[in-house]
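Some notes on the structure that comes next.
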Amino acid sequence: MCLQATSNKQQATSNKQQATSNKQQATSNKQQYYIFFIIIFIILFLNFEFGIFTIAKEKAFRSPDVWSANTILDDLFIEDILGEDKSSFFIEVHQNNGDRDLIFDTSKFNREEIINNIHSGKYWLYKSSLGFQTHILRLLFKILKKENYDASKIFRQLEFFVAIISSFVLAIFFTFLSIEFSILPVDIMFIVSLYTNIWITIFAKDIYWMIWSFFVPFLISSFFIYRYDFEKNNKLFFILFTLTVALILSMGYEFIYTFFISSTLPLFYFSISREYSLKKFFKYFMIISSLCFLALFIVLSIQVVLLGSFEVILDRLYTRTINNTYDDGGIINLSTFSVLRTYLFWNYYSYPYIYSLYVLFFVVLLQFISYKLKINYIGFSLDNKKYLALFICSILSFIGSISNLMILKQHAYVHVHIDFLIFWIPTLFLVYLILLFKIIKS
């Protein structure tokens, strides 16, 4: 009996020491992830704001889409001048023979002139979306604005603010990947993608496109499924997810298929890696998909209420997302294969998957070095379930990327200057990880 008691005591002491060790290890890992997040955030911000780590050319980096950015800035200045006279929820767009110069010279605009321009048709409401970008930036604009303000300076300050948000959101994205796949391979993937990615870099600070928002539903899904596995806090998850999807849609309907599909990727990943039952997978897949369409319904309903006409909304959606093109119908007559070829082989920058060759070269080089140095193994291990889940998510993400180019090819052609960004939401990041894990391991 005495020996048994002593043994039990020793076992209890051992368990306590193990628990303490596990707690210390968890604390150490948490600190590592915090440090990783801060470093990634700083590097991303330096890249987004100053372009110091990218191959993007200076002209492309400084003005990727000035027309769209001016649309937001115009609305802020116009509302400032009109004051209480501007009651619309939509963006007020300045149009004067195609010359969008308010961002460069605001001194010639005054209250009376703007009111006259509105009545004469030189200003018009952009009703194809709610334009929630202006509502996000309005408070900051009022803080920055002074009596004799410089429009160009305020424009750069707003870009600075958006660059911070984009850096924060994407730093969380990379941190989540590091938690799931370990820090070192994600570090390598991050460095390679940073030097080969011009698209997120040049648009990350754009005050119209708000690129950071496309990653938020993905991160919401990733956090709640990873942390709670649908065991609790489902209501909070569903509410936050719906609101973030609605946030994106309130700023425009571009790339809707891409971020709808990317929002379901965490469910696919954890369903495979954690071996969910088919019943559980289909249940939550239907819920998440339904929430995407619920968010779309909510935003459309708000537009219907504000415009007072459901027919107008349908007509604008059809025009902006399906039938709109600056190509005089040429792109409409192209086959699906021809459309994809136009995007994937248009020029060096428009063929983003060539960047995966850089990673391929890198991992082959590592293999060569390990062979010459007679090192048995250089690389990263990943269990088969996680690898399969990552591979499936890469395929689904690619489908999400090209779906916009194929299904909405007319409207996609209007935004050809930004279309290739969708290959990074988040397809290429996942492809890089696959290469790093599988090819080096082999």
Check: So, for Ser166 and Ala204, which heavy atoms are closest and what is the spacing to 0.1 Å?
Finding: OG-O, 2.6 Å
Check: Looking at residues at least two apart in the chain, or sitting in another chain, which of them share a ring pair (Phe, Tyr, Trp, His ring centres under 6.0 Å) with Tyr228?
Finding: Phe224
Next item on the list: Give, for atom CD1 of Ile38 and atom CD1 of Ile40, the distance between the pair rounded to the nearest 0.5 Å.
Entry: 11.5 Å
Note to self: Please enumerate all residues that pass side-chain hydrogen bond (donor to acceptor under 3.5 Å, both in side chains) together with Tyr226, with sequence neighbours excluded.
What the structure shows: none
Margin query: Test of understanding: with ring pair (Phe, Tyr, Trp, His ring centres under 6.0 Å), list the residues that count as partners of Phe37, not counting sequence neighbours.
Written below: Phe168
Checklist line | salt bridge (Lys or Arg N to Asp or Glu O under 4.0 Å) pairs, two or more places apart, involving residues 166-175 | finding: none
Margin query: To the nearest 0.5 Å, what is the distance between CH2 on Trp424 and CH2 on Trp199?
Written below: 11.0 Å
Next item on the list: Any pair with a residue in residues 419-434 that passes salt bridge (Lys or Arg N to Asp or Glu O under 4.0 Å), sequence neighbours left out, goes on the list, sorted by first then second residue, please.
Entry: none
Checklist line | Thr258 versus Ser403, closest heavy-atom pair with distance | finding: N-OG, 4.4 Å
Notebook entry, point to check: Do the non-hydrogen side-chain atoms of Ser397 and Pro426 ever get within less than 4.5 Å of each other?
Noted result: yes
Checklist line | Those residues that, when tested against Phe190, pass ring pair (Phe, Tyr, Trp, His ring centres under 6.0 Å) (two or more places apart) | finding: Phe174
Note to self: I'd like to check the side-chain hydrogen bond (donor to acceptor under 3.5 Å, both in side chains) partners of Asp187; sequence neighbours left out, ordered by chain and number.
What the structure shows: none
Below 3.5 Å, can you tabulate the donor-acceptor pairs from side chains in residues 176-185 to any protein atom, sequence neighbours excluded?
| residue | atom | partner | partner atom | Å |
| --- | --- | --- | --- | --- |
| Ser178 | OG | Thr175 | O | 2.6 |
| Glu180 | OE2 | Tyr269 | OH | 2.7 |
| Glu180 | OE2 | Lys386 | NZ | 3.3 |

Notebook entry, point to check: Roughly how far apart are Leu430 CG and Ser262 OG, rounded to 0.5 Å?
Noted result: 10.0 Å
Notebook entry, point to check: Are any non-hydrogen side-chain atoms of Glu49 and Phe160 less than 4.5 angstrom apart?
Noted result: yes
Check: Got a second to check how far Ile52's CD1 is from Ile43's CD1, nearest 0.5 Å?
Finding: 9.0 Å
Check: Tell me, do Met210 and Trp212 make a side-chain contact under 4.5 Å, heavy atoms counted?
Finding: yes
Next item on the list: Taking all non-hydrogen atoms of both residues into account, name the closest pair between Leu421 and Ile200 and its distance.
Entry: CD1-CG1, 3.3 Å
Next item on the list: Please list, chain by chain and in numerical order, all residues satisfying salt bridge (Lys or Arg N to Asp or Glu O under 4.0 Å) with Arg274, sequence neighbours excluded.
Entry: Asp229
Check: For the residue pair Phe218 and Phe173, is the inter-centroid distance of their aromatic rings smaller than 6.0 Å?
Finding: yes
Margin query: To the closest 0.5 Å, what do you measure between CD1 (Ile211) and NZ (Lys205)?
Written below: 11.5 Å
Checklist line | Minimum heavy-atom distance between Ser394 and Thr427, given as atom pair plus value | finding: O-CG2, 4.0 Å
Next item on the list: Looking only at non-hydrogen atoms, find the nearest pair between Cys393 and Leu265 and report the distance.
Entry: SG-O, 3.4 Å
Next item on the list: Determine which pairs satisfy salt bridge (Lys or Arg N to Asp or Glu O under 4.0 Å) with at least one residue from residues 241-253, sequence neighbours left out, and list them in order.
Entry: none
Next item on the list: Compare every heavy atom of Leu219 with every heavy atom of Val169, then report the nearest pair and how far apart it is.
Entry: O-CD1, 3.5 Å
Note to self: Give me each pair satisfying salt bridge (Lys or Arg N to Asp or Glu O under 4.0 Å) with a member in residues 421-434, each pair once, sequence neighbours excluded.
What the structure shows: none
Item checked: All ring pair (Phe, Tyr, Trp, His ring centres under 6.0 Å) counterparts of Phe230, not counting sequence neighbours -> Tyr284
Check: Taking Ile220 as the fixed residue, which of Phe237, Phe238, Phe215 is the one that meets the side-chain contact (heavy atoms from CB on, under 4.5 Å) rule?
Finding: Phe237
Notebook entry, point to check: For the atom pair CZ (Phe429) and OG (Ser193), what is the distance rounded to the nearest 0.5 Å?
Noted result: 4.5 Å
Check: Does some side-chain heavy atom of Val186 sit less than 4.5 Å from a side-chain heavy atom of Phe36?
Finding: yes
Next item on the list: Can you label the angle between the Phe255 ring and the Trp209 ring as parallel, tilted or perpendicular, going by 30° and 60°?
Entry: parallel
